[in-house]
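Ligands are counted one by one from 1 in listed order, and the atoms in each one are counted from 1 as well.
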Amino acid sequence: MAGADQSVQPGAVPGRSMIILYGSETGNGEEISGELGKMAQRLHFQVVVGEMDSFKLSDLLRFSLAIFVTSVTGQGDMPKNTTKFWRNLRREKLSRTKCLAKLNFTIFGLGDSSYPKFNWAARKLRVRLLQLGASEFFRAGEGDERHDNGIDSAYLPWYQDLKAHILASYPLPNSLTPIPEDVQLPPKYVLRLLPQPIQSNTPTDDISRTTNGDETVRSIPDLPPADLLPIPDTYEANLAANDRVTPPDHWQDVRRLVFDVKCPRQAFPSFAAGATAYIYPKNYPKDVQTLIDLMCWQSVADTPLDLNSQLSSDIPGSGSLPSKVHVNPNSTLRDLLTHNLDISSVPKRSLIRQLEFFTPEEMEKERLRELTASGNEQDFYDYTSRPRRTILEMLRDFPNLKIPYQHILDLFPIIRAREFSICNGGASLDASPPYTLRIELLIALVQYRTIIRKPRQGLCSRYVRHLPTGTSLTIGFKHPPSPILDPRNGEHTRPLLAVGTGTGIAPIHALIQDRQIFTSPPPGETLLFFGCRNEKADYFYRSEWESSPSIQVLPAFSRDPLLPSEVPSLHPSADGLPTAPKAEEGGGVPETTAVTPTFDYDAGKNYVQHRIRKHASQIGPLMQRRPIICVCGNAGRMPISVRNALLDALVIAGVVDTREAAEVWLSDGNNATYWQETW
Ligand SMILES: Cc1cc2nc3c(=O)[nH]c(=O)nc-3n(C[C@H](O)[C@H](O)[C@H](O)COP(=O)(O)O)c2cc1C
């Protein structure tokens, strides 16, 4: 086993223990927690890393230090895998105690500053821990996805400072020094083969063997196998439609997927607009075979693995496998690589750091070290994220690197479920028996050329592209922490001010259909700003909007030629705004001198924010009737530009006098509900 002799059992110093708890939706927080865990091991801590929900409050007090890492989801909400922990922490009866007085903690938050509630999860958690008497042993850190280098911009310096602080404040005994980076830590999970070769559960008609002289040649199927994995809280779904909704010559392939699901109806309540469905993509058999050949795993690839024995004793409750790895009985290495391990994701720093132990070649070791060295962030970015290089491609660049199959669970990331907003609601959720639920998704397939001119497809996009109708797959649902529409309170009569771009129209469409169920009293009016590229290519649901009298749509086609009358100018007062009567003339729309227009990156273009400013006088009265405001679509600059435009609209329409007052007005839940879902 290459490099295994360098492995050292880190001698944890008695009384030197650390717990790292994370809340994470898409894996960024989990990745950071893993890195912090390795740092703690090198500093001779006995360390435990796990999701917040896998711990009890009392567990915390058994450790000398605790590090919390959490991202944010929804509208400033805690991630799903913190729900139980957070509920316990917030119990009323704890408020009168200092029950965490013995806890020394620090916290790192992951967020996106385009959301109004930036890093709220970490901030809320920190405040509560302090309320309960815990001490902060090191300053809190906050990462921002919007920064040029994403979360790393704040995380990397925070990590370095934290390490130095721990070494200074919790010094090692004189006899010990930190375990150097070039010494391999023992793996957390070690795979073994089952002693008796049993037939793999991979269908033999999928992978047939033919004999070519002495050699056995595997014929590799084109598409991933259809076997379903035993994933808790998921349901079997039948793919009823997989239609391209953009014209074949349009740059983007957008699919409408329809699933018929057999699930207890309470698993998907009515009025669930804002809910998402998640599906698990799979790797393509050819890629899996390439990796097997590269790593010389041919002789073990199809032998069932012993997945029932204790592979890890590290994480309480994790059992034998990492909690997110779901397997069928008698699974093989090939099965794990097909269904569970994300070999086509961009390699993370933690993976690259470990790879040097599996190549005997000094040049390769050096290059791997160089990539993750402090100060080399640009090189790392240029090699990994910029060209969207995959793990498989990276391994090809290091021909002497051979990973022992036993270590793969420790190295490769786990394939995560991909989450999509459900785009239907109301009566359209009813399915014909034997199914109980019909849901629809609108998915833009990810395909592009990178700077190294390689065509790229997202793992899920590639999986969905060729998925035939009639395929059974595993599907799960997530509901927003609080419903957008609460039918008990007559919420449907509130006006809806929706801003959607591209497939961001999905949750808005679901909400509109949910509202249409009501007839007496009927739903409130809907004003929809919809942004897309071309009127003829990606104006989703156009016919529905046009045939519905209670919905007014104001589309912005960013790539279609603008009519001269529509060319937005830089100043909002000249931005095609209707000439407003003076306030004293009874028109209620004041002069616009108080407005500070935001000269966005998009000046001179035709985006939703321009439409919003242009139609400010229409938005004003609607704002005064406690609207539900939904902003959905691409993350990036859109959500901020839209919020700025809405603030301008409040001033232009005379609802408030200044931008500052508009900020206060829009943040007050009594005036409007602001619901943002951008990705
Ligand atoms: C649906 C959704 C909602 C989000 N809501 C917020 C939010 O309210 N505030 C914030 O600061 N970041 C928000 N984010 C950004 C995430 O916190 C950020 O992308 C983070 O890196 C995700 O880390 P994770 O992979 O560990 O979940 C949101 C992201 C998504 C996809």
Apply salt bridge (Lys or Arg N to Asp or Glu O under 4.0 Å) to E677 and list each qualifying residue two or more places apart in sequence or on a separate chain.
none
Counting each atom of ligand 1 from 1 as listed, which ones have a heavy atom of G111 under 4.0 Å away?
10 (C), 11 (O), 12 (N), 17 (O)
Distance-only N or O hit between ligand 1 and W679, under 3.5 Å:
no
Classify the ring geometry between Y235 and F477 as parallel (under 30°), tilted (30 to 60°) or perpendicular (over 60°).
parallel
Who's closest to atom 12 (N) of ligand 1 heavy-atom-wise, of D112, D144, T276?
D112
Donor-acceptor under 3.5 Å (Y115 side chain, T678 main chain):
yes
I'd like to check whether E145 has a polar contact with ligand 1, where a contact means an N/O of the residue lying under 3.5 Å from an N/O of the ligand.
yes
Which residue and non-hydrogen atom of the protein lie closest to atom 14 (N) of ligand 1, and at what distance in Å?
V72 O, 3.5 Å
Who are the ring pair (Phe, Tyr, Trp, His ring centres under 6.0 Å) partners of H479, not counting sequence neighbours?
F268
Over-ring placement of R418 relative to Y278, 6.0 Å and 45° cut-offs:
no
Students should be able to answer this: which protein heavy-atom is nearest to atom 23 (O) of ligand 1, and at what distance?
S71 CB, 3.2 Å
Is there at least one pair of N or O atoms, one from G76 and one from ligand 1, spaced under 3.5 Å apart?
yes
Between T678 and ligand 1, is there a nitrogen or oxygen pair with a distance under 3.5 Å?
no
With heavy atoms and a 4.0 Å threshold, my read on which part of Q75 contacts ligand 1 is backbone
Would you say the side-chain atoms of N81 and E25 include a donor-acceptor pair closer than 3.5 Å?
no
Consider side-chain hydrogen bond (donor to acceptor under 3.5 Å, both in side chains). Of K38, E35, E31, which one does S350 pass it with?
E31
For the 3.5 Å polar cut-off, considering only N or O atoms, please tell me whether E677 and ligand 1 meet it.
no
Is the shortest distance from a heavy atom of W120 to ligand 1 less than 4.0 Å?
no
Suppose we measure from atom 25 (O) of ligand 1 to each protein heavy atom; which comes out shortest, and what is that distance?
T26 OG1, 2.3 Å
Polar side chain donor-acceptor pair, R494 to T673, under 3.5 angstrom
yes
Do ligand 1 and E30 have nitrogen or oxygen atoms that lie under 3.5 Å from each other?
no
With a cut-off of 4.0 Å, which atoms of ligand 1 are near a heavy atom of F118?
11 (O)
Below 4.0 Å from ligand 1: does a non-hydrogen atom of G74 turn up there or not?
yes
Using a heavy-atom cut-off of under 4.0 Å, does the side chain or the backbone of N119 touch ligand 1, or both, or neither?
backbone
Distance alone, cut at 3.5 Å: any donor-acceptor contact between the side chains of N242 and R255?
yes
Backbone of Q457 reached by a side-chain donor or acceptor of S461 within 3.5 Å
no
Please identify which atoms of ligand 1 are closer than 4.0 Å to at least one heavy atom of S24.
24 (P), 25 (O), 26 (O), 27 (O)
Partner of T372 under side chain to side chain contact (heavy atoms under 4.5 Å, CB included), chosen from T384, I352, L355
I352
Proximity winner for atom 9 (N) of ligand 1, if only heavy atoms of K478, K80, K117 are counted:
K117
Qualifying residue, where the test is side chain to side chain contact (heavy atoms under 4.5 Å, CB included) with F108 and the options are Y22, Y155, Y159
Y155
Using a 4.0 Å heavy-atom cut-off, which part of Y115 comes near ligand 1: side chain, backbone, both, or neither?
side chain
Only one of F530, F540, Y541 passes ring-ring contact (aromatic ring centres under 6.0 Å, His included) with H509, and that residue is Y541
Geometric N/O contact L110 with ligand 1, under 3.5 angstrom:
yes
Close-contact set for ligand 1 against E25 heavy atoms, below 4.0 Å
24 (P), 26 (O), 27 (O)
